[in-house]
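So the structure is just underneath, and the comments pick up after that.
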Protein chains: 2
Amino acid sequence: MAASSLIVKNVCNHITLTPAEQEYFVSLLQPMELKRKQVLLKEGEICRFSAFVTEGCLRGYSVDNNGYEHVLSFAPANWWMADMYSLISQKPGILYIDALEDTSILTLSKIHQQTLYKEVPAFERFFRIITENSLVAYQQRLLDNLSLTAEDRYNSFCKRYPSLINALPSKQVASYIGVTPEFFSKMRNKLLRKQ
Amino acid sequence: MAASSLIVKNVCNHITLTPAEQEYFVSLLQPMELKRKQVLLKEGEICRFSAFVTEGCLRGYSVDNNGYEHVLSFAPANWWMADMYSLISQKPGILYIDALEDTSILTLSKIHQQTLYKEVPAFERFFRIITENSLVAYQQRLLDNLSLTAEDRYNSFCKRYPSLINALPSKQVASYIGVTPEFFSKMRNKLLRKQ
DNA sequence: GGCACGGGTTAATCCAGATTAAGAAAAAAG
DNA sequence: CTTTTTTCTTAATCTGGATTAACCCGTGCC
């Protein structure tokens, strides 16, 4: 199955597993199909699994007091997604997670993740490493938000995620870099005229 | 020694270690004293260790193109600090780390950390857990920056770090929440007048 | 076909927070 | 205690980006 070979490859980028361990890992995963706009997790719910995207794209976002959405992260194919706060604490979360297009995922429940840690301790290492990488990305993004103009953040986004920039509705990119769709439109036209 | 008992307690909050493992861990640490304003790491240098603060307070920050500083994190006693990007990749980093007051730290070199993972695999778990917690905090802070006004971010900071608010120069808090010292001063006076 | 709806654009107006400048207060350093 | 350096404050002005509102366009969908 193509989906599980993708996730095994993703894992084996960072740790080495025996064939038996690979098989065991895959046996803990639950495939799931999402339609465009289908909601996987709502604010206030407890996040009971991580999702690995094998096709399509997920979006994690929060909704503020004024009803505006703020995109925390996108997860295209080969990325992991969860409401980490809720997943760790098993308390009601703050994120919505939905599908920006028809999307296939493999879910790993919190319970299975914990048994996985016991059975195959190398997964402690795997999740440590991807969490570290994720942490670094969020630190950089925070610094970008503190120090760059919207224009520079947009350029930064284009460089870092060249494949996403044309795949996503610009509304979503605007939300990710932290501006309104109106301003985003104006800004992008200005940049186009420049070049 | 009080310093090493503090760090052992910090670790044993999340994993259990035998006395021998504890002793081994402590043997890998190097104590270090920093004077107020002393710089531990500069932008462009490679970060070769994590620092655990036993007394005082460290600050991690970047300097933008206009020479303005942006505080990424504070590390008071009982916190860890590093330029994670550089520590992981062993490439030149983007952060400065300095001491806001006279500070005592225990350093764990990247090399020692790696042998520690081999000798005491539970440390994979420990660093996974504190990295996860850190990730969640940065995600929340990013969402705060995307969705809250400066005033709300200040209130949020006060709630989350009540002990830091009076210990730190307000200039530093201003930088952390992402406003200028001038605006911070104005804002705080407005809040005082309100109550 | 018509029609509702979400996504994108444009333009006018508005405002949170930056910038600039200068002085006051506090705290290091000597 | 004095000097120097930093930090903090106040006030005037300015601006990046938000808000509001209107319109356009594609694309389901009845």
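All chains are named by letter (A, B, ...) in the order of the sequence lines, taking the proteins before the strands, and each is independently numbered beginning at 1. No hydrogens, no waters, no symmetry mates; every other heavy atom, side chains included, goes into these values.
With sequence neighbours excluded, no residue forms a ring pair (Phe, Tyr, Trp, His ring centres under 6.0 Å) with Tyr85(A). Residues satisfying the ring pair (Phe, Tyr, Trp, His ring centres under 6.0 Å) test with Tyr96(B), not counting sequence neighbours, are Tyr61(B). Gln139(B) pairs by the side chain to side chain donor-acceptor pair (under 3.5 Å) definition with Tyr138(A), not counting sequence neighbours. Taking the ring pair (Phe, Tyr, Trp, His ring centres under 6.0 Å) definition, one finds that Tyr68(A) meets it with nothing, sequence neighbours left out. For Ser109(A), the side chain to side chain donor-acceptor pair (under 3.5 Å) partners two or more places apart in sequence, or in a different chain, are His112(A). Take Ser156(B) and apply the side chain to side chain donor-acceptor pair (under 3.5 Å) test, not counting sequence neighbours, and it matches Asp144(B).
Using a 4.5 Å cut-off on side-chain heavy atoms (C-beta onward), Gln30(B) and Phe49(B) make no contact.
Criterion: ILVMFWY side-chain heavy atoms under 4.5 Å apart, direct or through other members. Under it, Phe157(B) and Leu58(B) are not part of a common hydrophobic cluster.
Side-chain nitrogen and oxygen atoms of Arg188(B) include at least one within less than 4.0 Å of the OP1 or OP2 phosphate oxygen of dT9(D).
At whole-Å resolution of the value, CG in Asn189(A) and C1' in dG17(D) are 16 Å apart. Atom-to-atom, CG of Leu148(B) to P of dA18(D) comes out at 15 Å; the value is rounded to the nearest Å. Taking atom NZ of residue Lys190(A) and atom P of nucleotide dG16(D), one finds them 8 Å apart after rounding to whole Å. Straight-line distance from the NZ atom of Lys186(A) to the P atom of dT15(D): 14 Å, rounded to whole Å.
Chain B approaches DNA chain C over the interval dG17(C) to dA21(C), counting the first and last nucleotide 5' to 3' with an atom under 4.0 Å from its heavy atoms.
Remark: Glu132(B) engages Arg128(B) in a salt bridge, criterion side-chain N to carboxylate O under 4.0 Å.
Between the axis at the start and the axis at the end of the helix from dG1(C)-dC30(D) to dG30(C)-dC1(D) there is an angle of 50°, using five pairs per end and rounding to 10 degrees.
Only Pro169(A), Ser170(A), Lys171(A), listed by number, bring a heavy atom of residues 153-173 of chain A to less than 4.0 angstrom from any atom of DNA chain C.
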Every protein N/O within reach of nucleotides 19-26 of chain D N/O, cut-off under 3.5 Å:
none

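For the side chain to side chain donor-acceptor pair (under 3.5 Å) test with Tyr117(B), the passing option among Glu119(B), Gln114(B), Gln113(B) is Gln113(B); the others fail. Test Arg36(A), Arg59(A), Lys37(A) against Asp98(A) for salt bridge (charged side-chain N to carboxylate O under 4.0 Å, His left out) and you get one pass: Arg59(A).
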Below 3.5 Å, can you tabulate the donor-acceptor pairs from side chains in residues 175-186 of chain B to any protein atom, sequence neighbours excluded?
residue   : atom : partner   : partner atom : Å
Ser175(B) : OG   : Glu69(B)  : O            : 3.3
Ser175(B) : OG   : Val71(B)  : N            : 2.9
Thr180(B) : OG1  : Phe183(B) : N            : 3.2

Result block: side-chain N/O donor-acceptor pairs under 3.5 angstrom for residues 6-17 of chain B, not counting sequence neighbours:
residue  : atom : partner  : partner atom : Å
Asn10(B) : OD1  : Trp80(B) : NE1          : 3.1
Asn10(B) : ND2  : Asn78(B) : O            : 3.2
Asn10(B) : ND2  : Asn78(B) : OD1          : 3.3

